Amino acid sequence: MKDSRIRGAEIVIKSLVSENCDYIFGYPGGAIMPVYDALYDYADQIKHVLTRHEQGAIHAAQGYARVSGKVGVCMATSGPGATNLITGIADAQIDSTPLVCITGQVASPLLGTDAFQETDVVGFSMPGTKWNIQVRKAADIAPAIAKGFHIARSGRPGPVLIDITKDAQNELSEFNYVPCLGIRSYRPYPIVKDSEITAAAEVINAAKKPYVLFGQGVVIGNAEEEFKAFLDKTGIPAACTLLGSGALSEDHPQYVGKLGMHGNYAPNLLTNQCDVLIAVGMRFDDRVTGDLKRYAKQAKVVHLELDNAEIDKNVKCAVSVLGNCKESLPMLTEKVNEGTHDEWLAAFRKLEEKEKSAVVSLDLLPTKIGLTMGEVIRYINDYKKDDAVLVTDVGQHQMIAWRYFKYKTTRTQVTSGGLGTMGFSLPAALGAQLADLSRQVVCVVGDGGIQMTIQELGTIMQTKAPVKVVLLNNDFLGMVRQWQQLFFDKRYSFTELDNPDFIKIAEAYNMKATKVTERENLSDAVAEMMIHEGPYFLEVVVEKEDNVFPMIPTGCSVEEVRLS
Amino acid sequence: MNRYTVSLFTENFIGILNRVTLIFTRRGVNIDALTASESKEDGVHRITIEVTTTEDQVLQIVKQTEKIIDVIKSFYYKDDEVVYQEIALYKIPISSLDPGLEKVIRQYNARIISAEKEFVVIEMTGHKEDTKALLEILQDFNILEFARSGRVAVAKPMGTIEQYLNN
Ligand SMILES: Cc1ncc(C[n+]2csc(CCOP(=O)(O)OP(=O)(O)O)c2C)c(N)n1
């Protein structure tokens, strides 16, 4: 009789195929070579993207996951390959991005002996993963992958790491893929309680100045429609967090702007004037709340949240509604009164005007000589499609791009929110682009951050992913310099950069590249980039010492938001 | 600050203890004592952790531990909500064994569980205060070694984990 068993390495690939994985972002090495060898035979079913660094692979998988809504998959070898994933794992954990990371491991008899390229990646990644496991037998591979996918994508999503020893990859075993549908100890979706909905509706219906804050939970729950229906019925003004951007079109009449340290003026200031604060799928990050002791003390807080550990963690709420907002929002919408809040909305609009004249017009329509980051984003808005994805790195450009990018549809915002990982954007943009080749993907990056993963231009070259890279070059680690200016007496300690000729670098990677230094060339350059079919690199030399405002300095209250 | 008993029911999965204790470590809460054992449910393990901290902190920790995939459920109790015991062992040189010591052993409801050529081992179960009180007395008897376990505890509130497992 023919032996129907296959090698563990092939089981890895067949399991991924069973999970409809179409992309693996990875980097090979000794301990994962059997899997790479098996992958060779499955090129028609799974595409592998060879990044230039494992950090690039995991960020690409994150970009892919955020745009597609699917689980991102990345792969690396043992030792340094595996440890290079750690930053991305931490990033995905805090931003709730579903990932399955597969790492090779030395053969099991060598475990614990400090063998070549052995590292305890399960131990390393334990605090940063939603779940992780080491597999030492071929027969355990498929169940581990099935469980990993289930855990990564369900409930509050997160990164999973599966470490597979080399002997397990080589061992023969039967392949029989059984998708994981549940785990006894894990309840990803708490059942929404009617009593909580009723209590929430009561509080909301009694409110004079209710205010909604929405976060990425709306996107993760695919609850955009349900959220809009709730707003449409109640007429309540709504502001978003960094990662909530895109969950509601900015054209919505009740959309009032963005929250947080560099968010909009009105949404921050008026947090301390509402009487009921309805938080939907957001976690009251300190970048949003500022000083907690002076945050929304006058308001009754209603918190709609999937993760029980987030309830009362930072802000104590009057009513919590535990569960997926996809489920809870329609139940709530049914019980709340129809209403309008014109006067209250007008209070937001009035402050919006103040922000416009004090900040926005100077950013978007500057009269000074130096180019601003804001005007670059203004032109991107002019030429972008509604579903264009903005991927940003970390720093001033991130905050400016977020502030001025017009988010029209969901899954258009990809950035490192919770961890603030410089170097995130270039590989994440590649992943975002591969998730949907029909969409425009614009990567906005600083001269500091791009040099953390600049080698991924090579991956963009090899995949021909038509990513538009917009480098906002201020020859500074801008955001740190801004803090030095404001809080360290302008002592610019190690934040000025001597930069290379980025255009030459981009061209060396076969990218069409343009550098803009004058305002009169900006519009055309952006237009050309946005209609260009392949990857494109646009460097804009911007004012060296511009600042991002409004700003809530660390330790200050939301109502101490500064316009200058 | 108060003393709390955190009681976790978990799957018997490699690394689970590590994951649980990491949550205490990260929040800077010191673990006073820890025990792990099987429970009456097949395949369900229980971890009992004693901490001194604020109720807010212990509540957050309990919620965080429940997020661990292999934790089935965790609870926390104040001291008056649990029945708990610790076991203590005292090693005394044989030369100290006299009527005075025997009286102390009886008085404390302790017992000799092993008599060797050169020493005896006394065992006592009880609360930390009681086992500590005996320790102090035994100092006068040239005690050689002392060891005390972590807390084993069951909750006074009726019905906990079964209800959770069954619904
Ligand atoms: C990996 C990493 N290291 C350090 C930081 C701290 N940091 C935050 S913003 C910033 C400066 C970013 O400079 P640049 O990329 O040039 O962007 P800009 O602020 O000028 O737009 C630094 C160093 C970080 N967020 N991530």
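Given the structure is predicted, the values throughout are model-derived calculations rather than measurements.
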So how far is it from A:Met126 CE to B:Leu22 CG, rounded to the nearest 0.5 Å? 7.0 Å
Should we count NZ of A:Lys300 as having more than 12 external heavy atoms under 6.0 Å? no
Which heavy atom of A:Ser185 sits nearest to which heavy atom of B:Ile69, and what is that distance? OG-O, 2.6 Å
Closest heavy-atom contact between B:Arg19 and A:Lys130? NH1-O, 4.0 Å
Evaluate whether atom NZ of A:Lys137 has more than 12 neighbouring non-hydrogen atoms of other residues, nucleotides or ligands under 6.0 angstrom away. no
Indicate yes or no for a side-chain donor-acceptor contact from B:Lys67 to the backbone of A:Asp307 under 3.5 Å, with no hydrogens or angles considered. no
Heavy atoms of other groups near B:Gln139 CD, more than 12 under 6.0 Å: yes
Quick one: pull up CD1 in A:Ile133 and CG in B:Asp70 and give me the separation to the nearest 0.5 Å. 8.5 Å
Would one find more than 12 heavy atoms of other residues, nucleotides or ligands at under 6.0 Å from atom CD of B:Glu38? no
State, to 0.1 Å, how close B:Lys63 and A:Asn308 come at their nearest heavy-atom pair, and which atoms those are. NZ-O, 3.2 Å
Heavy-atom count check: over 12 atoms from other residues, nucleotides or ligands less than 6.0 Å from B:Asp80 CG? yes
Contacting region of A:Ser154 [heavy-atom separation from chain B under 4.5 Å]: neither
Around B:Lys132, counting heavy atoms of other residues, nucleotides and ligands shown, do more than 12 lie under 6.0 Å from its NZ? no
Sort and list the pairs that fulfil side-chain hydrogen bond (donor to acceptor under 3.5 Å, both in side chains) and have at least one residue in residues 92-110 of chain B, not counting sequence neighbours. none
Nearest-0.5 Å distance that lies between atom CZ in A:Arg187 and atom CD1 in B:Ile72: 9.5 Å
If you look at every heavy atom in A:Arg184 and B:Val44, which pair is closest and at what distance? NH2-CG2, 3.4 Å
Which of the residues B:Glu66, B:Gln64, B:Gln60 is involved in the greatest number of heavy-atom pairs with chain A at under 4.5 angstrom? B:Gln60
Most heavy-atom pairs under 4.5 Å with chain B, out of A:Ile311, A:Val122, A:Ile183, A:Asp312, belong to A:Ile311
Could you check whether atom CZ of A:Phe124 has more than 12 heavy atoms from other residues, nucleotides or ligands sitting under 6.0 Å from it? no
